[in-house]
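The next block holds one structure in the form of structure tokens; read it before the comments.
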Amino acid sequence: MIELKFGQRKVVSFRGARKVVGGLTEKNKIDILLYISKEFANADKEEELYDIVISLCKDIFECDNTTLRMWKGNLLVPSRFFKETVPPRRDLSQDEGYSGFTFKTRMPLLIQDLTHHAEYIDEGETTRAVMCVPIMYKEDCLGTIAVESDTEFFYREDDLEILEALGSQLALAITSVRLIQGLVHANEREAQILKQLEWDMRMGRNVQSQIVETAIAPWNGLHFGTYYEPMTEVSGDYFNVVRQGNSITAIIVDVSGHGIPAALVTMSIHYQFQRCTSLGMGLSETLAELGESIRPQLPDGTYFTAFILKVYSDYTYSYVNAAHQKMLHYHNGHGRIEELDTQGVPLGIFEVERSNFEEKHGRILPGDILFLPTDGITEQKNEQRQELGNQRFIEWIRQEKSTIEEQRDKIYVADLVGSLIGRFKRYKGDMRNGDDVSLLALQCNPELGKAKTLLSLAKSAAKAKKDQVAYDKALEVFSMDESLKDSLVLLGKMYYRDRNFEKSVQFLEKYIKTSGEESEHIHYLLGRAYYELENIPEAKRALKRSLAIDHTYAKSSLRLARCYLKDNETPKAIKVLQQGIKSAPTNEYLKISLKKLEELVKRKSGDLVVSEQRKEAV
């Protein structure tokens, strides 16, 4: 088994809440995901996959038990577990227990204390905390994996995410193993099996499509065009764009080889890339971390190239290339296409560090376009065995862009990508793709200069309290490009100030979703706007998010307490204020509010006692 080095997890009481300490680190998680991919790929029998799952769950989650149930004959049958229970496990219908609930809803389930959910367990069971995920194959559920502990509050949300990833990879591995077993024992059904193989590979593509987003929403005036076509049903190509408020980070990756092994590596790259961006790592550091985290677990002979790009709010950008295709920058001002490259090495072959990569910088202006392709485009051959090549592709960009601009002069990057891929397909004719084909393109809105001027006027008018002018200019900017984050937040705050909370919610929600902004203040404003609209559930959600970002933000604690009082949940309101004081002990507003609320509860309690005494006297 993979060597995991982590301390024993424990459940402790901390500031009134039950929390898990110790356990799996982020680095451990990436290692586990890679190990799962490699281990599943080497399994020849379904039973071996079951044993791998049970062993992994024991090591990863330090659980008291794990139950793998498979759907057979309209029942969930216990197929593997590492400890029998009292009472013994039994077959379940889809309406029984937490496994039945997960199977029926196709949704993951995390229950921290089963004593409050007696409907999910049989009498006498000792399980207290449970995570349960479905094993999904296309639209069908093959079964469930339940990780169980006798200790309440033993698992966290990120534990559930790892278990979900394990379930997704298990579904793909079970399908592949069943196909291989079928080929061995049913040669007479060759045509049917081949059809099933094609079907199952499509399922693998559905799983992979969960991490490769091809419909990317615009960010702050940058609009995206994408194309993604695996050589087989699953791909060794991967791209992603992560929003971070004042910047975005884009990456495109090409894993050597094809099919399921390469596709499983892209899943691991996805999780690692998400982790690196969430930790705020630099571009060179991210590439080095990708290489070093994934290299030990790669199948023999496998490596990958990558190009990573970060664009900031002022439209400057940084980029690093790890032996990938060059990025192409189309300069709208003079029509020149610049090939951008840096010194870098492929990942997964040998040990790398930040010094192995060079970082360079540039700026994207209104109308400019950045192209990030994989070599499946430029290395494609036509029927005459002629390779497309980079220079021919660059010339296509000029020609297709000129044709599209005759029809429209605004945002056209998605149309341009479509035209380029159409020309690519005409070029190759009946030749099959020689590799996975992917293209990620970013266009800066050609009207950005005009929009920024109007936005500056709107901000000046708002500062001078010329409200109508400010609204008119800001809404005009919004009509030009709905993704410009400064106009979204300006309109959200102006409508909030003028107590038009419905409009405020509309723009604040769009601002958070579009920009990727995660600040405690913006979530507080959204929560208060929902509160004023008397949408208490959404108000709670936004305020809790604000406190998750900064637990010392007293305004959110005070407003969240009001939400609980609105729902007549006084004990929860008191608990929120107590937690707020622990986090911000010098805040007098929290102390005063808590004192008043406790006095109110005490007074009501006294009135209730007097009332009961009077009833007894009568």
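Keep in mind the model is a prediction, meaning the values are calculated, not measured.
By the 4.0 Å N-to-carboxylate-O rule, E538 lies close enough to R541 to be salt-bridged with it. A salt bridge between D486 and K459 is present, with a side-chain N of the basic residue lying under 4.0 Å from a carboxylate O of the acidic one. A salt bridge links K540 to D567: one of the charged nitrogens lies within less than 4.0 Å of a carboxylate oxygen. Using a 4.0 Å cut-off between charged nitrogen and carboxylate oxygen, K485 and E517 do not count as a salt-bridge pair. Looking at R275 and E289, a side-chain N of the basic residue comes within less than 4.0 Å of a carboxylate O on the acidic one, giving a salt bridge.
Considering only heavy atoms from C-beta on, S519 stays 4.5 Å or farther from I549 through its side chain. A 4.5 Å side-chain heavy-atom check between Y238 and I252 finds every atom pair outside the cut-off. Counting only heavy atoms from C-beta outward, the side chains of P218 and T514 never approach each other to under 4.5 Å. Side-chain contact between V242 and F273: present, with at least one pair of heavy atoms (C-beta onward) separated by less than 4.5 Å. Counting heavy atoms from C-beta outward, Y312 and N246 have side chains that stay 4.5 Å or more apart. Contact annotation: the side chain of D237 never approaches that of T266 to less than 4.5 Å [non-hydrogen atoms, C-beta and beyond].
Ring-plane geometry between Y319 and F307 is classed as parallel, the angle between the planes falling under 30 degrees on a 0 to 90 degree scale with a further cut at 60. The aromatic rings of Y495 and F507 sit parallel to each other, their planes meeting at less than 30°, with 60° as the upper class boundary.
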Checklist entry - Could you walk me through whether Y98 and H117 pass the side-chain hydrogen bond (donor to acceptor under 3.5 Å, both in side chains) check? => result CA-CA 10 Å; Y98 41 78; H117 298 274; over 6 Å; no
Checklist entry - Run the side-chain hydrogen bond (donor to acceptor under 3.5 Å, both in side chains) check on E518 and H523 step by step: do they pass? => result CA-CA 8 Å; E518 289 290 344; H523 284 281; 3.2 Å; yes
Checklist entry - Do L488 and F478 pass the side-chain contact (heavy atoms from CB on, under 4.5 Å) test, and can you show the C-alpha distance, the side-chain angles, and the key distance before you say yes or no? => result CA-CA 7 Å; L488 292 172; F478 180 73; 3.6 Å; yes
Checklist entry - Does the pair Y496 and V505 meet the rule for a side-chain contact (heavy atoms from CB on, under 4.5 Å), with working shown? => result CA-CA 8 Å; Y496 178 90; V505 163; over 6 Å; no
Checklist entry - Given F239 and Y228, is the side-chain contact (heavy atoms from CB on, under 4.5 Å) satisfied, shown in steps? => result CA-CA 9 Å; F239 57 76; Y228 179 71; 4.0 Å; yes
Checklist entry - Can you list the steps and then say if Y315 with L448 is a side-chain contact (heavy atoms from CB on, under 4.5 Å)? => result CA-CA 11 Å; Y315 304 98; L448 181 62; 3.5 Å; yes
Item to check | Test side-chain hydrogen bond (donor to acceptor under 3.5 Å, both in side chains) applied to Y530 and E509, step by step | outcome: CA-CA 11 Å; Y530 271 123; E509 285 275 23; 2.8 Å; yes
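Looking at residues two or more places apart in sequence or on another chain, you find a side chain to side chain contact (heavy atoms under 4.5 Å, CB included) between V469 and A461, K466, K473. Under the salt bridge (Lys or Arg N to Asp or Glu O under 4.0 Å) criterion, K513 pairs with no residue, sequence neighbours left out.
Y317 and H361 are not linked by any side-chain donor-acceptor pair at a separation below 3.5 angstrom, with hydrogens and angles left out of the test. Defined by atom type and a distance below 3.5 Å, a donor-acceptor pair is missing between the side-chain atoms of Y155 and E62. Side-chain contact annotation: Q272 with S293, donor-acceptor N/O pair under 3.5 Å present. The closest side-chain donor-acceptor pair between Y511 and Q506, if any, does not fall under 3.5 angstrom. Using modelled atom types and a 3.5 Å distance limit, the side chains of Q244 and T249 yield a donor-acceptor pair. Using modelled atom types, one finds a donor on one side chain and an acceptor on the other under 3.5 Å when comparing D481 with H223.
Panel note: side chain Q443, backbone V413; a donor-acceptor pair is recorded below 3.5 Å. One N or O on the side chain of T453 and one on the backbone of G449 form a donor-acceptor pair closer than 3.5 Å. Distance alone, capped at 3.5 Å, places no donor-acceptor pair between the R128 side chain and the S149 backbone. D159 places a side-chain N or O within 3.5 Å of a backbone atom of R156 that can act as its donor or acceptor partner. Put simply, the side chain of S479 gets close to the backbone of E476: a donor and an acceptor are under 3.5 Å apart. The backbone N or O of T115 lies less than 3.5 Å from a partner atom in the side chain of D113, making a donor-acceptor pair. Side chain of R545 to main chain of E520: no donor-acceptor pair is present (N/O by atom type, distance under 3.5 Å, no hydrogens or angles).
Summarising the geometry, atom CZ belonging to R528 is positioned 12.0 Å from atom CG belonging to L533; distances are rounded to the nearest 0.5 Å. Interatomic distance, NZ of K555 versus CG of D550, reported as 12.5 Å (0.5 Å rounding). Atom CD of residue Q468 and atom OH of residue Y471 lie 9.0 Å apart, to the nearest 0.5 angstrom. Put simply, OG on S99 and NZ on K104 are 14.5 Å apart, with the number rounded to the nearest 0.5 Å. Rounding to the nearest 0.5 angstrom, the gap separating the OG1 atom in T570 from the NZ atom in K575 is 14.5 Å. In this structure, L597 CG and R562 CZ are separated by 12.0 Å, a value rounded to the nearest 0.5 Å.
Screening I592, L600, L594 for a side-chain contact (heavy atoms from CB on, under 4.5 Å) with K596, the sole residue that qualifies is I592. Of the options T277, I216, L309, L222, a side-chain contact (heavy atoms from CB on, under 4.5 Å) to I248 is made by L222 and by none of the others.
By the 6.0 Å contact criterion, CD on E534 is open, its count of non-hydrogen atoms from other residues, nucleotides or ligands being 12 or less. Around atom NZ of K591, more than 12 heavy atoms belonging to other residues, nucleotides or ligands sit under 6.0 Å away. Under a cut-off of 6.0 angstrom, the local environment of CD in Q274 is crowded, with over 12 non-hydrogen atoms contributed by other residues, nucleotides or ligands.
Between V576 and S557, the shortest heavy-atom contact is CG1-O, 3.3 Å. In terms of heavy-atom proximity, V147 sits nearest to C57 at CG2-SG, 3.9 Å. Smallest separation of non-hydrogen atoms from A250 and V241: CB-CG2, 4.0 Å. Across all non-hydrogen atoms, the minimal contact from T127 to E148 is CG2-CB, 3.7 Å. Closest approach of L109 and L160 over heavy atoms only: O-CD1, 3.9 Å. Listed here is the closest heavy atom pair of G245 and S313: O-OG, 4.4 Å.
Both tests hold for R559 against Y531: distance to the six-membered ring centre under 6.0 Å, angle to the ring axis within 45°.
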